[in-house]
Peer 1: 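Below is a structure I'd like to ask you about.
Lettering follows sequence order; numbering is per chain, from 1. Quick note: numbers below take in every heavy atom, side chains included, and nothing from hydrogens, waters or symmetry partners.
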Amino acid sequence: MAEIPKVYESQAIETKWYSFWEENECFTAKPERVSDERPAYSIVIPPPNVTGKLHMGHVLNNTIQDILARKARMDGKEVLWLPGTDHAGIATQSVVERKLRKEGVMKHRDDLGREKLLEHIWEWKEKHGGIIIEQLKKLGASCDWSRLRFTMDEGYTKCVQRVFVDLYKKGHIYRGKRMVNWCPKSLTALSDEEVIMKEQNSQLYYFKVEVVEEPGTWLEIATTRPETIPGDSGFAVNPNDPRYAHLIGKHAVRPLPVENQAHLPIVADEHIDIEFGTGVLKVTPAHDKADFDIGQRHGLEVIDILEPDGKMNRLAGVELAGMDRFEARKAAAAKLEEMGALTKAEDYKNKVGFSERADVPVEPRLSEQWFLKYPSQDAARACVADGAMKFYPERWSKTYDYWMGGLQDWCISRQLWWGHRIPVWYRGEEIHCDLDAPEGEGWEQDPDVLDTWCSSWLWPFATMGWPEETETLNKFYPTTDLVTGPDIIFFWVARMIMAGYEYKGDLPFRNVYFTGIIRDKKGRKMSKSLGNSPDPLELIAQYGADALRFGTMRSAPLGLDVLFDEKDVELGRNFCNKLWNACRFRQMQGGESEGEISTEQLTSDDKWILRRLGQAIDDVTTALEAYRFSDATAALYRFFWSEYCDWYIESCKATFFGDDETCKANVLAVVDFVMGNTLRLFHPFLPFITEELWHGLGYSGDLPVEQGGKTIMTANWPKVFDASFNELYELDDTVDCLVAAKHDLVTQGRNLRAAYNIPFNKKIDYMFSPGGKSDANEVEVLKVLLNAESVSLDSEVPKGTPRVGSPFGDLYLPLEGLIDFDAERKRLAKELGKTEKEIAKVESKLNNPSFAERAPAEVLDEQRQRLAVWQAKRGQINEAICNLSN
RNA sequence: GCGCGCUUAACUCAGUGGUAGAGUGCUACCUUCACACGGUAGAAGUCGUUGGUUCAAAUCCAACAGUGCGCACCA
């Protein structure tokens, strides 16, 4: 391997290895390889919108999936990570329509017509649809690209139609005239889930109407929508409201439109809240869901006063007709005031439903649409409740259950062109629902398309070749994990579960991991308008994909939103650089290590780092099994930086800078063993740099292909050390204690140096008196760790020499007759204070009789030991103080 | 209104009953032969508030406060 440069340069390395992986088909899933020994692992990507560009949410989501997939490969599983994109009905059609309007190609979609517009959208899709896929590759995503799917692929479209026809024939799909959420901007119906309730600062208008049968008696009514008065067809009060009981059955005069002041019935309905406003409701069946229901109950007329685009029609009266609904609201209020009917108007906060995509208030509107009564509800609800499917974090299962318990029929038709056309044909009164157009003349296909989610809910099996019984389906369905955001738990997750049961008779995935939502560091949602959404590709270019992945994972704990800060990516970059340089250091110590690790040659530090490695393997493996990615990165960070680099490499220098070649070779063997394992532990998180180093350090060289000989991707995931391994290398907790004591002593020794303001680069002499047996190597290690000129063992220690101690031994800092007695006294006094405090704490506990009586023996023991340790320390400090004064 | 979260160092978060932790940031010192994208040391916390259970509470329970999200809504 060529000499490794000082700073890790990510770009060239990332490109190189990604092509290598693709060329060698490292991501390709082969169902025929699945066996008892080689179980299947599968995951389907939440298909990003085909219009999409990579954002931080994708980074979070796909990094997690990639980690899971890469880890599964290293576990020896046959992995399918199935990628694809979503046609995203409204979103895509509006993007392309906007572009066409901007280019002057059309003003309105009708200018082009269905066929031409679809041609434009397809053209646009072919041109831009691959962008996000290329971006995912930059991130390192190990999807099986040979299986890339699109929700409007020919085969996929067939699946969607087949399901429609099937559900229609089973009676789950029906057509009806219902109140739906209508988007006046997109000019289409929406599902309830596509409506976002937003709080608005509105006005509550109070106006009065005269009772026909009792002239001079007036009813006062509160409304936020005076413009809908022309659409009123009744007034409603609560039957138990004594104020109005005598008026029920009578009539009142509708004030607008002025040319048509109809007499409307006053009806009694339980729905009316006596407390709200005046207790009288104006009933507008055409423009409010609740009012529609009231109207139905009392046989009230439905008067539609709005055009589809939200403008008032002629039924609204001459004065309002043609106005936009918001303009009309003001005009209607002004008219009421002019008539003297407006009694007051007050500021009022209410919640209004907005169209998710177009971000305008939706209109409840009576219209003929297709609806779906969800199939397989019970099985879908039960599988989460009984634990067959697991949600991470678990609490989302409650949200899911709640929603599943109150399912409303799903409005699935959309008045759009981009999407799956509804497979229904009409001829007069005849209706034909099937995959193909019926024979004969005069049939017209339903003009509407299906809600986008009508195709995505089939994703887990439609992407695998359903309805054919493909090898892929047999081996990879149900999928193992799904990784997605909790914001689409109803839109997508719940519906996939129902579809899975209905069409595969089984759940679509076993585990669902819900990511947090990515926010900026101030906790705000990322959005284009705030400009707080960084471009992941720029971050990759600047810091590297591994850095972005690591930084994101490190700050994304399970169950919490992610506060993204570019600092995290910088930290990831620094971490990669540290890893790079640790390997560079290894390389500088000479060629490949030969032979096995020799037990006799192992130093305490060697054993210690092996113990720590064992712990790290355990920690990372456990964290990944529990989908705790931030814990896994934290464990890796701690092990590699704080333990391996800060302590082990430093202590190795005692050997590397010495001249015992046998020792050196053995330490190199340990280093290679540890690094080989470390790189593998890192690989799912940092795929690029680990692959480069795996080859650079020659670890791939002597391994069979299936164990990492060709790529670290197929190297075995490190196993937690078993008993025979621990026995062979004499790994047990005595070594932990010994080295912990050593490190403690070193830290105290460095502290002494700092306390006496001796710069770290100045080599000084320490004296050491071992606490137990100690060999030359240990002393040499102390010397390196303390950056000492010498560590002498047998010198006479002058009186008052600053001293620190741990079970490893005592360490003195001789100051060549220049002992600053005052400074040392001060330092010792401070130490003594701390110690006294601890002793007091433990003593008070132990002196409490109920504690002594009731606490378990091991807790008592522990406390007694603590006391003893602190008391010993106090003794030493006191002795030192004594020495100073003599 | 109902439900679900969160509240621990300046910041972001770990911490399921027994010694308050990490990373970042901060302060001081250091270009020492892997790394200044680095090293060493240090300072820094009434664990939201109040009560309760317990020998012992950041941890369990209750109430409250603040904050975020979801669902349902009163026009």
Side-chain angles (χ1 to χ4, degrees), chain A residues 4 6-8 197 204-205 221-225 228 236 271-284 288 290-291 294 348 350-351 393 395-396 398-399 402-403 406 486-487 489-490 517 519 521 523 543 547 554-555 557 559-563 565 567-568 570-589 628 630-631 633-634 637-638 641-642 645-646 649-650 653 656-657 746-747 750-755 757-763 784-787 838 841-842 845 848-856 858-860 862-863 866 869-870:
Chain A
I4 307 182
K6 203 167 169 176
V7 171
Y8 171 59
M197 300 305 285
L204 189 59
Y205 300 92
I221 301 165
T223 180
T224 52
R225 300 198 64 185
T228 64
H271 174 261
I272 311 308
D273 180 350
I274 297 176
E275 305 295 322
F276 186 87
T278 60
V280 186
L281 173 73
K282 69 187 215 33
V283 186
T284 324
D288 185 283
D291 287 16
I294 295 171
Y348 182 67
N350 64 341
K351 285 194 175 166
R395 65 187 153 87
W396 289 111
K398 219 170 190 173
T399 307
Y402 185 77
W403 191 72
D487 47 335
I489 188 167
F490 308 137
I517 292 174
R519 301 172 177 282
K521 61 181 166 186
Y543 298 103
R554 207 177 146 282
S555 56
L560 293 175
D561 285 353
V562 185
L563 299 194
D565 186 343
K567 277 257 180 253
D568 292 324
E570 197 181 314
L571 179 131
R573 191 256 332 245
N574 295 354
F575 189 78
C576 289
N577 195 53
K578 187 80 176 175
L579 182 61
W580 185 256
N581 274 288
C583 292
R584 186 162 163 261
F585 175 75
R586 159 63 188 93
Q587 191 206 33
M588 291 164 83
Q589 304 315 315
R628 302 183 64 100
S630 60
D631 285 1
T633 51
Y637 193 99
R638 189 209 61 234
W641 202 308
S642 310
C645 291
D646 288 353
I649 289 195
E650 291 308 315
K653 287 176 181 172
F656 288 145
F657 300 156
V746 168
T747 301
R750 290 166 174 168
N751 186 325
L752 266 188
R753 175 203 275 274
N757 286 323
I758 303 165
F760 194 76
N761 61 342
K762 187 170 175 204
K763 299 235 172 191
V784 170
L785 294 179
L786 290 162
N787 198 32
E838 290 297 331
K841 228 165 117 189
V842 184
K845 210 173 216 184
N848 180 348
S850 13
F851 174 73
E853 264 168 50
R854 306 200 193 192
E858 65 264 26
V859 174
L860 261 166
E862 213 180 292
Q863 296 298 326
R866 278 196 66 207
V869 167
W870 284 111

Peer 1: What about A:Gln863, does its side chain sit under 3.5 Å from the base of B:A56 through a donor-acceptor pair?
Peer 2: no

Peer 1: NA contact type, A:Pro856, heavy-atom cut-off 4.0 Å: base, sugar-phosphate, or nothing?
Peer 2: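 Answer is base: heavy atoms of A:Pro856 come under 4.0 Å of a base.
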
Peer 1: Report which part of the nucleic acid A:Asn751 touches: base, sugar-phosphate, or nothing (heavy-atom distance under 4.0 Å, all strands).
Peer 2: sugar-phosphate

Peer 1: Pick the closest RNA chain B nucleotide for A:Val562 and for A:Lys282 by heavy atoms, then say which residue is nearer the 5' end.
Peer 2: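 Nearer the 5' end of the strand: A:Val562.
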
Peer 1: Grab the CG-P distance between A:Asp568 and B:U24 for me, whole Å please.
Peer 2: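 Going from A:Asp568 (CG) to B:U24 (P), I get 11 Å.
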
Peer 1: For A:Cys645, answer base if it contacts any base atom (sugar-phosphate contacts may also be present), sugar-phosphate if it contacts only those atoms, and nothing otherwise; contact means non-hydrogen atoms under 4.0 Å.
Peer 2: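 A:Cys645: base contact, heavy atoms under 4.0 Å.
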
Peer 1: Using a cut-off of strictly less than 4.0 Å, decide whether A:Trp641 has a side-chain nitrogen or oxygen near OP1 or OP2 of B:G39.
Peer 2: yes

Peer 1: When you measure from the side-chain N and O atoms of A:Arg573 to the phosphate of B:C37, is any distance below 4.0 Å, counting only OP1 and OP2?
Peer 2: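 The answer is no; no side-chain N or O of A:Arg573 sits under 4.0 Å from OP1 or OP2.
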
Peer 1: Checking all strands, does A:Glu862 fall into the base, sugar-phosphate, or nothing category for heavy-atom contacts under 4.0 angstrom?
Peer 2: sugar-phosphate

Peer 1: Would you indicate, yes or no, if B:G15 has its OP1 or OP2 atom less than 4.0 angstrom from a side-chain nitrogen or oxygen of A:Arg628?
Peer 2: yes

Peer 1: Check whether any side-chain N or O of A:Lys841 sits under 4.0 Å from OP1 or OP2 of B:A56, and answer yes or no.
Peer 2: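 No, A:Lys841 has no side-chain N/O under 4.0 Å of OP1/OP2 on B:A56.
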
Peer 1: Assign each of A:Lys845 and A:Asp561 to its nearest nucleotide of RNA chain B by heavy atoms, then name whichever residue's nucleotide is nearer the 5' end.
Peer 2: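 Nearer the 5' end of the strand: A:Asp561.
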
Peer 1: Would you classify A:Lys398 as touching base, sugar-phosphate or nothing, given that sugar-phosphate means primed atoms plus P, OP1 and OP2, and contacts are heavy atoms under 4.0 Å?
Peer 2: sugar-phosphate

Peer 1: Below the 4.0 Å mark, does B:G38 have OP1 or OP2 next to a side-chain nitrogen or oxygen of A:Asn574?
Peer 2: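 Answer is yes, contact under 4.0 Å.
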
Peer 1: If I pick the C1' atom on B:U59 and the same atom on B:C71, what distance separates them, to the nearest angstrom?
Peer 2: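 Between the two C1' atoms, the distance is 31 Å.
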
Peer 1: On a whole-Å scale, what distance lies between the P atoms belonging to B:A62 and B:G70?
Peer 2: 26 Å

Peer 1: Donor-acceptor pair, distance only, cut-off 3.5 Å: does the side chain of A:Arg753 make one with the backbone of A:Lys762?
Peer 2: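 Yes, because the side chain of A:Arg753 sits within donor-acceptor range (under 3.5 Å) of the backbone of A:Lys762.
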
Peer 1: Where is the tightest heavy-atom contact between A:Arg519 and A:Asp561, given as atom of each residue plus distance?
Peer 2: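 Closest approach of A:Arg519 to A:Asp561: NE-OD2, 2.7 Å.
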
Peer 1: If we take the C1' atom in both B:C30 and B:G23, what is their distance in whole Å?
Peer 2: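 Taking atom C1' in both B:C30 and B:G23, they lie 22 Å apart.
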
Peer 1: Base, sugar-phosphate, or nothing for A:Arg866, non-hydrogen atoms under 4.0 angstrom?
Peer 2: base

Peer 1: Taking all atoms of both residues into account, what is the closest heavy-atom pair of A:Tyr637 and A:Leu571, and its distance?
Peer 2: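 That closest heavy-atom pairing would be CE1-CD2, 4.0 Å.
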
Peer 1: Return the value, rounded to whole Å, for the distance between atom CG of A:Leu785 and atom C1' of B:G39.
Peer 2: 13 Å

Peer 1: Could you tell me whether A:Asp288 contacts a base, only the sugar-phosphate backbone, or nothing, with contacts defined as non-hydrogen atoms closer than 4.0 Å?
Peer 2: nothing

Peer 1: Which part of the nucleic acid, if any, lies within contact of A:Tyr402, taking any heavy atom under 4.0 Å across all strands shown: a base, the sugar-phosphate backbone alone, or nothing?
Peer 2: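 The residue A:Tyr402 makes sugar-phosphate contact but no base contact.
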
Peer 1: Pick the C1' atom in B:C4 and in B:A10, then give their distance to the nearest Å.
Peer 2: 30 Å

Peer 1: Is there a side-chain polar atom (N or O) of A:Tyr637 under 4.0 Å from OP1 or OP2 of B:U24?
Peer 2: yes

Peer 1: Contact class for A:Thr747 vs. all strands (heavy atom < 4.0 Å): base, sugar-phosphate, or nothing?
Peer 2: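 The residue A:Thr747 makes sugar-phosphate contact but no base contact.
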
Peer 1: Measure from the side-chain heavy atoms of A:Val7 and tell me the nearest of B:G23, B:C37, B:A41.
Peer 2: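 It is B:C37.
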
Peer 1: So A:Tyr348, base contact, sugar-phosphate only, or nothing? Heavy-atom distance under 4.0 Å.
Peer 2: sugar-phosphate

Peer 1: For A:Ser555, report the nucleic acid contact type (base, sugar-phosphate, nothing); a contact means any heavy atom under 4.0 Å.
Peer 2: nothing

Peer 1: Which whole number of Å gives the distance between the C1' atom of B:A22 and that of B:U32?
Peer 2: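 After rounding to an integer number of Å, I get 28 Å for this pair.
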
Peer 1: What nucleic acid atoms does A:Tyr8 come within less than 4.0 Å of, heavy atoms only: base, sugar-phosphate, or nothing?
Peer 2: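 No contact.
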
Peer 1: Would you call the rings of A:Trp580 and A:Tyr8 parallel, tilted or perpendicular, taking 30° and 60° as the class edges?
Peer 2: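 Geometry flag for A:Tyr8 against A:Trp580: tilted rings.
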
Peer 1: Within less than 4.0 Å of OP1 or OP2 of B:C35, is there a side-chain N or O belonging to A:Lys6?
Peer 2: yes

Peer 1: Give me the distance, rounded to whole Å, that separates B:A57 from B:U50 when you measure between the C1' atoms they each carry.
Peer 2: 15 Å

Peer 1: What nucleic acid atoms does A:Ile517 come within less than 4.0 Å of, heavy atoms only: base, sugar-phosphate, or nothing?
Peer 2: nothing

Peer 1: In the strands shown, is B:A41 matched to any nucleotide by a Watson-Crick or G-U wobble pair with both distances under 3.5 Å, and which?
Peer 2: B:U27

Peer 1: Could you identify the nucleotide paired to B:U7, looking across every strand shown and requiring Watson-Crick or G-U wobble geometry with both distances under 3.5 Å?
Peer 2: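 Pairing partner, where one exists within any strand: B:A65.
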
Peer 1: Determine the minimum heavy-atom distance between A:Ala222 and A:Gly277, stating which atoms define it.
Peer 2: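 Closest heavy-atom pair between A:Ala222 and A:Gly277: CB-CA, 4.4 Å.
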
Peer 1: Can you give me the closest heavy-atom contact between A:Ala236 and A:Ile272, atom names plus distance?
Peer 2: CB-CD1, 3.7 Å

Peer 1: Just checking, A:Lys653 and A:Phe585: is the charged tip under 6.0 Å from the six-membered ring centre and within 45° of the axis?
Peer 2: yes

Peer 1: Would you say A:Tyr348 has more than 12 foreign heavy atoms packed within less than 6.0 Å of its OH?
Peer 2: yes

Peer 1: Strictly under 3.5 Å: I want the nitrogen or oxygen pairs between protein and nucleotides 25-31 of chain B, one per line.
Peer 2:
{"residue": "B:C30", "atom": "O3'", "partner": "A:Asn761", "partner atom": "ND2", "Å": "2.9"}
{"residue": "B:U31", "atom": "OP1", "partner": "A:Asn761", "partner atom": "ND2", "Å": "3.0"}

Peer 1: Please state the C1' separation for the pair B:G17 and B:C13 - nearest whole angstrom.
Peer 2: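 Between the two C1' atoms, the distance is 22 Å.
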
Peer 1: How far, in whole Å, is B:U27 from B:A44 if one measures between their C1' atoms?
Peer 2: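 B:A44 and B:U27 have their C1' atoms separated by 11 Å.
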
Peer 1: Does a side-chain N or O from A:Lys351 land closer than 4.0 Å to OP1 or OP2 of B:C71, or not?
Peer 2: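 No, because none of the side-chain N or O atoms of A:Lys351 sits under 4.0 Å from OP1 or OP2 of B:C71.
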
Peer 1: A:Arg519 has a side chain; which of B:U24, B:A34, B:G68 sits nearest to it?
Peer 2: B:G68

Peer 1: Within the structure shown, what part of the strands sits under 4.0 Å from A:Leu571 by heavy-atom distance: base, sugar-phosphate, or nothing?
Peer 2: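 Here A:Leu571 touches the backbone only, sparing every base.
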
